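Reviewing the structure listed below.
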Amino acid sequence: MKIESNIHIIHGVAANPYLLVDSDGLTLIDTGIPGSAQKIIRYIKRAGYSLRDLNRILLTHADYDHAGSLAALKKATGARVYASLYEARAVATGQFPRSLKTDNIFLKPVFALAERLGRIDPAHVDEHLSDGQVLPILDGLFVVDTKGHTPGHLSFFVPSVGILFSGDSILSVKDRLVGSHGSVTWDQDKADAAVRKQLALRARIVCSGHGAVVKDGLARLLKLTEGFAVSPAYQRL
Ligand SMILES: [Zn+2]
C-alpha cells in the first residue's frame, strides 16, 4: 500500500517493511519474520519492479520480526545490506540482539526458549551505519541512533518528506504512539532518550515497525512525550 507516491508499506509479515522508490532503484527497510521473503518479492513485482531493482536493505535492528527474512531476500536480490555495527554482529550469528528481561523466575525459562526460537538465518551486513550519516535515498535519508530497544537500534528520517521510520523505538498502537518498554527493552533510560531525540526531528509522518502509519506524527509525538522528564536540550520545543 502506498503511503506517499514513492513510499510503500508491505502488510502481512508481522513487523512492517517499507519500500522506498528512487529513480536508481529500490530500498527496503526491514524484512519481516522468517518466511516473509516470497510475500515481499510478490509485492515488489506487483508494484512493477524486478528483483534486481532492490539495491539496498536497511535494518532498524536484528530482532527476528525485522531481520527474519534478510538472508533469503539478500540471496534472492543481491541487495546491499546496511545496519549498525552492533546489530550487524547479531545478524551475523542469527541471535537475539539482547536478552529479554524479567525478574520473574517462572518467566525466565519461557524467555530463554523465546530467544532460542527467535533465532534467524545468519546474514552478512555489507555496511555499518552510524548516527548522522546521510544515504542518497529520497533526497537524503538520515541515520538516527535510537539505541534503547536494542543496543544498536537505528531509525531513519527523510526531511524532504518529513517522514520518520522509527522501527521499534516508537510503536504505533491503536491511535497512539508509545516508546519501547517492558521485557523487550534493553535499556529503558536510553529508550526514553531515543523518543525525545526523535521528537526534535518534527516528523510529519511516523512509520513504525508495528501498527498503522501515523500521519499527524508530530502531534502524537508531543502527546507521547508529555509524561516524560524533558531534557534541557529539547525544552525549547
Ligand atoms: Zn518488532
Side-chain angles (χ1 to χ4, degrees), residues 14-18 20 27-34 36 56-75 79-102 111-112 114-135 137 141-158 164-171 178-201 206-210 231:
N16 297 325
Y18 295 94
L20 317 182
T27 300
L28 183 71
I29 298 179
D30 287 345
T31 66
I33 52 172
S36 304
R56 308 177 193 89
I57 299 174
L58 274 49
L59 279 187
T60 59
H61 63 299
D63 275 347
Y64 80 103
D65 52 337
H66 298 257
S69 293
L70 176 65
L73 279 170
K74 187 178 185 189
K75 197 171 168 208
R80 200 168 164 76
V81 178
Y82 300 71
S84 72
L85 175 61
Y86 191 94
E87 304 297 315
R89 284 183 179 149
V91 168
T93 61
Q95 294 192 350
F96 252 49
R98 45 80 183 85
S99 292
L100 299 173
K101 274 192 238 163
T102 180
F111 282 7
E115 284 174 29
R116 275 211 301 283
L117 294 175
R119 285 195 184 150
I120 58 169
D121 287 343
H124 174 70
V125 170
D126 300 295
E127 200 166 314
H128 300 145
L129 298 174
S130 47
D131 191 51
Q133 206 172 329
V134 185
L135 299 175
I137 300 164
L141 176 144
F142 283 70
V143 177
V144 188
D145 176 351
T146 48
K147 65 170 80 64
H149 179 71
T150 60
H153 190 288
L154 297 176
S155 296
F156 304 106
F157 181 57
V158 182
L164 172 68
F165 299 95
S166 63
D168 284 4
S169 67
I170 297 172
L171 300 164
V178 299
S180 178
H181 58 278
S183 57
V184 292
T185 301
W186 165 68
D187 184 311
Q188 191 61 59
D189 287 345
K190 287 187 172 64
D192 292 348
V195 172
R196 291 195 294 271
K197 182 178 184 178
Q198 291 175 97
L199 171 66
L201 300 173
V206 175
C207 293
S208 170
H210 298 272
S231 68

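Note that the numbering runs from 1 along the sequence shown for the chain. Any value given below was found using the heavy atoms of this structure, including those in side chains, with hydrogens, waters and symmetry copies removed. Computed from a predicted model, the values in this text were never measured in an experiment.
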Reported CG-to-OG1 distance for the pair Leu129 and Thr60, which is rounded to 0.5 angstrom: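 If I round to the nearest 0.5 Å, the distance is 11.5 Å.
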Qualifying residues under ring-ring contact (aromatic ring centres under 6.0 Å, His included), relative to Phe165, sequence neighbours excluded: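 Listed in chain order: Tyr18.
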ring-ring contact (aromatic ring centres under 6.0 Å, His included) against His210, all qualifying residues, sequence neighbours excluded: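 For His210, the residues satisfying ring-ring contact (aromatic ring centres under 6.0 Å, His included) (neighbours in sequence not counted) are His66.
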Do [X] and [Y] touch side chain to side chain, with heavy atoms closer than 4.5 Å?
{"X": "Leu135", "Y": "Thr27", "answer": "no"}
{"X": "Leu70", "Y": "Ile120", "answer": "no"}
{"X": "Leu171", "Y": "Ser208", "answer": "yes"}
{"X": "Val81", "Y": "Val91", "answer": "no"}
{"X": "Asn16", "Y": "Asp30", "answer": "no"}
{"X": "Leu154", "Y": "Phe156", "answer": "yes"}

Between Gln198 and Ser166, a side-chain donor and acceptor under 3.5 Å: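 Judged by distance alone, the side chains do not pair up.
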Donor-acceptor side-chain pairing of His153 and Thr146 below 3.5 angstrom: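 Thr146 and His153 do have a side-chain donor-acceptor pair below 3.5 Å.
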Salt bridge (charged side-chain N to carboxylate O under 4.0 Å, His left out) contacts in which one or both residues fall within residues 142-153, not counting sequence neighbours: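 Listed by first then second residue: Asp145-Lys147.
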Carboxylate-amine/guanidinium proximity below 4.0 Å for Lys197 and Asp131: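 Salt bridge flag = yes for Asp131 with Lys197.
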Side chain to side chain donor-acceptor pair (under 3.5 Å) partners of Thr150, counting only residues at least two apart: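 So Thr150 forms a side chain to side chain donor-acceptor pair (under 3.5 Å) with Glu87.
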Side chain to side chain contact (heavy atoms under 4.5 Å, CB included), paired with Lys74, selected from Asp126, Asp121, Thr31: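 The passing option is Asp126.
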Asp187 side chain vs Pro151 backbone, donor-acceptor pair below 3.5 Å: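 Not at all, since once roles are kept as given, no pair shorter than 3.5 Å links the two residues.
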Set of salt bridge (Lys or Arg N to Asp or Glu O under 4.0 Å) partners for Arg89, sequence neighbours left out: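 Not a single residue meets the salt bridge (Lys or Arg N to Asp or Glu O under 4.0 Å) criterion with Arg89.
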Ala88: side chain to side chain contact (heavy atoms under 4.5 Å, CB included) partners, not counting sequence neighbours: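 Partners of Ala88 by the side chain to side chain contact (heavy atoms under 4.5 Å, CB included) criterion, ordered by chain and then number, come out as Val125, His128.
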